Chemist: 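Quick one: structure below, then a few questions.
The sequence lines fix the lettering, A, B, ..., with proteins before strands; numbering per chain opens at 1. The model shown is predicted, which means the values in this text are computed figures rather than measured ones.
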2 protein chains.
Amino acid sequence: MTNAQFDREQVLRAAMKAFMYKGYGKTSMQDLKKVTGLHPGSIYCAFDNKRGLLIAALEQYRLDRSGEFQAFFPSSQPVMISLKNYLNDIVQGCLNCDAPQACLLTKALSEISEQDEEIQQIIAHNLQAWQQALAEKLEQAKIQHELTTTRDSDHLARFFVMGIYGLRTFAHTYPKTDVLQQLADQLYSDICA
Amino acid sequence: MTNAQFDREQVLRAAMKAFMYKGYGKTSMQDLKKVTGLHPGSIYCAFDNKRGLLIAALEQYRLDRSGEFQAFFPSSQPVMISLKNYLNDIVQGCLNCDAPQACLLTKALSEISEQDEEIQQIIAHNLQAWQQALAEKLEQAKIQHELTTTRDSDHLARFFVMGIYGLRTFAHTYPKTDVLQQLADQLYSDICA
DNA sequence: TATTCATTTGAATGATCATTCAAGCTTTAT
DNA sequence: ATAAAGCTTGAATGATCATTCAAATGAATA
């Protein structure tokens with residue numbers, strides 16, 4: 001019943017990419033067959049159905065992004081420097097049209113939120129975990145006196161993620177480096193103030 | 001060939017609502033038949049096809065929102081008061097689950113952007129027109145000395161719309177009045193600063 | 001080598017979709 | 001009242017979709 005003949009991570013990353021590019025609804029099983037190299041039967045055996053594949057891909061996305069996030073914050077470096085690098089990386093990601101232009105989480109959230117409560121919960125939970133991780137970094141920055149503000153770390157983190165959601169949407173309408181960078185810089189300095 | 005036997009605006013608003021709720025892809029012609037009260041043949045006669053109906057609905061949405069926007073800024077009232085009211089109204093809109101939770105423009109942008117260049121252009125154009133209208137209001141506020149900042153009105157307007165995009169996405173993950181209001185207030189005061 | 005068992009495979013299935021169109025109906029003009 | 005024209009109607013069409021399953025294949029054991 002279960003199997004692991006194929007590279008699960010590679011399959012999930014291929015599915016992720018397809019879902020990000022076309023959206024969940026418009027990604028057909030034929031598309032998924034093509035990009036994963038798996039035949040329909042194998043996909044159904046491993047993930048139950050298309051929805052199961054999305055759920056597994058969301059989990060892989062969470063793992064990948066979580067690792068990526070932590071890698072941006074080495075203990076050897078001031079937190080706020082890392083945060084700026086992280087933000088700049090997101091700006092670059094918005095401009096790189098070939099790769100995942102949008103975040104899988106926000107893309108899927110926008111598409112599915114009204115239709116599938118369970119998936120909405122998964123996505124909301126992942127986004128909140130990301131926000132919480134950011135809040136922890138900001139709290140650490142406050143403790144290390146890199147960041148001096150009376151505002152609550154949770155409050156700051158919420159505003160920061162809101163800004164990034166907005167930045168990604170904005171990039172869809174106007175993908176120019178300088179404007180996006182300016183917006184990101186403004187967001188960063190509003191956090192510091 | 002052409003006809004106007006039915007109430008075009010009413011039909012387009014019904015279609016808008018359906019597209020906002022289910023998304024373009026998942027809204028079937030049967031759904032559209034149900035909500036518009038029009039038979040498939042009539043829809044094809046009036047709008048060519050489903051895509052044509054979307055384009056017409058986007059135009060109606062632009063008209064509706066444009067009127068709504070201007071109504072928020074009566075000349076009898078300070079611009080910045082109107083802006084705050086407008087922002088608060090958006091916060092309420094994010095919480096009103098029954099009605100268009102999301103903006104049709106951003107919802108369609110997220111779903112269609114990679115697939116249909118022409119529709120992407122229409123949406124991007126509409127969003128930029130909205131941003132431009134905001135920039136004009138901010139410029140007016142500066143002239144009337146309601147707003148004292150060295151920052152460019154275009155820059156401010158971009159940051160503002162970015163914030164609203166982000167607010168709407170945030171609301172999908174965490175639709176609590178107080179948190180959204182706090183984020184909106186923060187956005188407003190960051191514009192003023 | 002022969003046999004058994006699990007996996008892979010892709011064609012078949014049934015549902016749903018956007019779109020079309022010919023028949024029926026209403027309206028308008030004479 | 002009659003005829004012509006256009007509009008409404010919803011069943012039919014052909015394509016595409018997610019999903020299934022029986023046959024083919026390969027691996028493992030004896």
Chemist: Would you verify whether the NZ or CZ of Lys107(A) falls within 45 degrees of the ring axis of Tyr24(A) while also being under 6.0 Å from that six-membered ring's centre?
Modeler: no

Chemist: Applying the side chain to side chain contact (heavy atoms under 4.5 Å, CB included) test to Leu53(A), which of Leu58(A), Asp48(A), Ile43(A) qualifies?
Modeler: Ile43(A)

Chemist: Between the protein and nucleotides 17-22 of chain D, list the N/O to N/O atom pairs that are separated by less than 3.5 angstrom.
Modeler:
residue: dA18(D); atom: OP1; partner: Thr27(A); partner atom: O; Å: 3.3
residue: dA18(D); atom: OP1; partner: Lys50(A); partner atom: NZ; Å: 2.8
residue: dA18(D); atom: OP2; partner: Met29(A); partner atom: N; Å: 2.5
residue: dT19(D); atom: OP2; partner: Tyr44(A); partner atom: OH; Å: 2.5
residue: dT19(D); atom: OP2; partner: Lys50(A); partner atom: N; Å: 3.1
residue: dT19(D); atom: O5'; partner: Tyr44(A); partner atom: OH; Å: 2.9

Chemist: Would you say Asn88(B) and Gln92(B) are linked by a side-chain donor-acceptor pair, where the criterion is simply a distance under 3.5 Å?
Modeler: no

Chemist: In whole angstrom, give the distance that lies between atom NZ of Lys33(A) and atom P of dT16(D).
Modeler: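 In whole Å, dT16(D) P and Lys33(A) NZ are 15 Å from each other.
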
Chemist: To the nearest Å, give me how far apart CD1 (Ile43(A)) and P (dG10(C)) are.
Modeler: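 Ile43(A) atom CD1 is separated from dG10(C) atom P by 13 Å.
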
Chemist: Whether Lys22(A) and Glu111(A) form a salt bridge (side-chain N of Lys/Arg under 4.0 Å from carboxylate O of Asp/Glu) is what I want to check.
Modeler: no

Chemist: Parallel, tilted or perpendicular, judged at 30° and 60°: which one describes the rings of Phe69(B) and Tyr86(B)?
Modeler: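 It falls in the perpendicular class, over 60°.
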
Chemist: Between His39(B) and dG10(D), is there a side-chain N or O to OP1/OP2 distance below 4.0 Å?
Modeler: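 Answer yes for this pair, as a side-chain N or O of His39(B) is under 4.0 Å from OP1 or OP2.
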
